[in-house]
Amino acid sequence: MNQFQYVRPTKQQAAIDVVAKDANAAFIAGGTNLVDLMKRGVMTPQKLVDINRLPLRQIERAGSGLRIGALALNSAVADDRLVREKHPLLALALNAGASPQLRNMATVGGNMLQRTRCPYFYDTTMPCNKRQPGSGCGALEGINRMHAIFGFSDKCIAVHPSDMSVALVALDATVLLSGPKGDRKLAFADFHRLPGDTPQRDTNLEPGELITAVEIPDSPFTKHVHYQKVRERASYAFALLSVAAALDMDGNTIKAARLAMGGVAHKPWRLAAAEQALVGQPATEETFRQAAAVAMQGAKAFKHNEYKLRLGPNAIVQALKTAAAA
Ligand code: SF4
């Protein structure tokens, strides 16, 4: 691991100032991803700004929604009474991620910022445009069974690994940011980026910007929800593919729906057209199959991940069936 300086400010502005003025500085909170990346030489910040002393752990009502501080632990959010009552989909997605030990360390902000688990990104002997722009993409012609079927480019076909983010994009969350130019809000759907020609940029964060909180508006999606995660072992594994499903039902009729997938794109993948296809329809397998077909339009596979074209619609149907029955 490279040597680095370590500072632990108690004031938010002081933390932002350090990272804004030094391109080689990085925020650290739980460190569950960043420390791994530093050990492997994938990321080599020369200064770490530990933000754990900042007062950003609150989970509270804010207007007609819920505000979750960026330093709230994944386990604390998943167990929180308000979260379970108002946004059970978020609790399900959080508990599907990582392991209890990691959820006790990982924060909401860090979860959003975790890097792809593409093996070529972690192997510094291999080409990777995300780690080293212009070096090529090892996965394009390599082992790409975990990779994207939506929104990829010829520069990068990696997927975003967060489960929590799939629920947050489905729930129309907003990200609160603070940076050298002041505070701003960003729709969660606009927080992560598609790779395009700049796969080294995972998000639309500006230099020095700090995630301070996430806000989720109240919604009717408090009962009929499910997070379907398909993975290679029962726990502590990243999704081959996942589906966040939420339904607002009137008897057996779907009044509104929220649907998003994980493990399929460089960002959590909202399925707006499939949601629309569900509205006004009876909650039947046929309806769910039709919506899944809409959801998969435009999907394209690589040599080793063609299975996702079959797994995707099946997982969507299963998630919707389970949500409807909840
Ligand atoms: Fe790197 Fe992206 Fe290619 Fe993986 S898919 S090797 S992260 S450029």
Side-chain angles (χ1 to χ4, degrees), residues 4 7 9 11-38 42-52 54 56-57 67-72 74 106-118 121 128-133 151 153 155-156 158-169 172-216 262 265-270:
F4 56 88
V7 293
K11 296 274 188 290
Q12 182 172 304
Q13 195 56 49
I16 290 168
D17 286 347
V18 175
V19 176
K21 285 178 189 151
D22 185 348
N24 291 311
F27 297 119
I28 186 166
T32 56
N33 188 206
L34 179 56
V35 173
D36 279 350
L37 291 162
M38 290 173 67
V42 177
M43 291 178 73
T44 53
Q46 281 156 28
K47 189 180 285 179
L48 287 185
V49 181
D50 185 334
I51 56 172
N52 281 299
L54 305 185
L56 298 174
R57 291 184 192 275
R67 182 179 298 150
I68 303 173
L71 290 177
N74 286 190
T107 63
V108 164
N111 191 324
M112 292 160 58
L113 292 174
Q114 61 180 302
R115 312 291 312 264
T116 183
R117 263 56 179 195
C118 171
F121 176 67
C128 171
N129 287 322
K130 184 179 282 298
R131 176 171 30 77
Q132 192 179 349
S153 73
K155 302 288 190 299
C156 179
V159 298
H160 184 64
S162 165
D163 292 298
M164 179 195 76
S165 295
V166 183
L168 287 175
V169 80
D172 289 320
T174 300
V175 188
L176 277 59
L177 303 170
S178 188
K181 294 180 187 160
D183 298 343
R184 67 176 177 130
K185 291 186 175 186
L186 197 56
F188 198 90
D190 297 329
F191 181 78
H192 297 96
R193 294 163 59 95
L194 292 179
D197 290 332
T198 53
Q200 67 274 22
R201 288 193 66 191
D202 292 345
T203 73
N204 283 314
L205 276 175
E206 297 295 336
E209 270 190 319
L210 177 71
I211 304 167
T212 57
V214 169
E215 287 183 348
I216 314 173
H266 200 259
K267 60 190 289 185
W269 197 249
R270 180 84 178 256

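Sequential numbering from 1 along the given sequence is applied to the chain's residues.
When all heavy atoms of K130 and C156 are compared, the closest pair comes out as CE-SG, 4.1 Å. Closest heavy-atom contact between G262 and V166: CA-CG2, 3.6 Å. When all heavy atoms are compared, the tightest approach of G151 to L194 is O-CD2, 3.7 Å. Contact between S178 and T212 at its shortest, heavy atoms only, is CB-CG2, 3.8 Å. The two residues A15 and I51 come nearest to each other via the heavy atoms CB-CG2, 4.2 Å. Nearest heavy atom pair, residue A70 against residue I211, reads CB-O, 3.1 Å.
Heavy-atom neighbours of D197 CG from other residues, nucleotides or ligands within 6.0 Å: at or below the threshold of 12.
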Discussion item. As a quick check of understanding, evaluate side-chain contact (heavy atoms from CB on, under 4.5 Å) for L168 and F191, giving each step before the final call.
Written reply: CA-CA 11 Å; L168 287 175; F191 181 78; over 6 Å; no

Worksheet item: Hey, mind stepping through V35 and I28 against side-chain contact (heavy atoms from CB on, under 4.5 Å) and telling me if it holds?
Response: CA-CA 9 Å; V35 173; I28 186 166; 4.0 Å; yes

Practice prompt. Take L176 and D183, measure what side-chain contact (heavy atoms from CB on, under 4.5 Å) needs, and give me the verdict at the end.
Written response: CA-CA 7 Å; L176 277 59; D183 298 343; over 6 Å; no

Item to complete: Apply the test side-chain contact (heavy atoms from CB on, under 4.5 Å) to residues D202 and M112: give CA-CA distance (whole Å), side-chain angles for both, the deciding distance (0.1 Å), then the verdict.
Response: CA-CA 10 Å; D202 292 345; M112 292 160 58; over 6 Å; no

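Looking at R131, its side chain never comes within 3.5 Å of a backbone N or O of N129 through a donor-acceptor pair. Under the 3.5 Å distance criterion, the side-chain polar atoms of R184 are left unmatched by any main-chain donor or acceptor of L177. A donor-acceptor distance shorter than 3.5 angstrom exists from the side chain of S153 to the backbone of G196, with no hydrogens or angles considered.
With rounding to the nearest 0.5 Å, the separation of NE2 in H192 from CH2 in W269 is 14.0 Å. Taking OG1 of T203 as the reference point, atom NE2 of H160 lies at 9.5 Å (rounded to 0.5 Å). Taking OG1 from T198 and NZ from K155, the interatomic distance works out to 10.0 Å, rounded to the nearest 0.5 Å. Taken to the nearest 0.5 Å, the CD atom of Q114 stands 12.0 Å off from the CG atom of L34. To the nearest 0.5 Å, atoms CD1 (I68) and CD (E215) are separated by 10.0 Å. Here the CG-CZ distance, from L113 to F27, works out to 10.0 Å after rounding to the nearest 0.5 Å.
Residues V19 and L210 fail the side-chain proximity criterion, which asks for heavy atoms closer than 4.5 Å. A 4.5 Å side-chain heavy-atom check between V49 and D22 finds every atom pair outside the cut-off. N52 places a side-chain heavy atom less than 4.5 Å from the side chain of R57.
A side-chain hydrogen bond (donor to acceptor under 3.5 Å, both in side chains) with N74 holds for exactly one of T107, T32, N111; it is N111.
A salt bridge does not link K267 with D190: every distance from a Lys NZ or Arg NE/NH1/NH2 to an Asp or Glu carboxylate oxygen is 4.0 Å or more.
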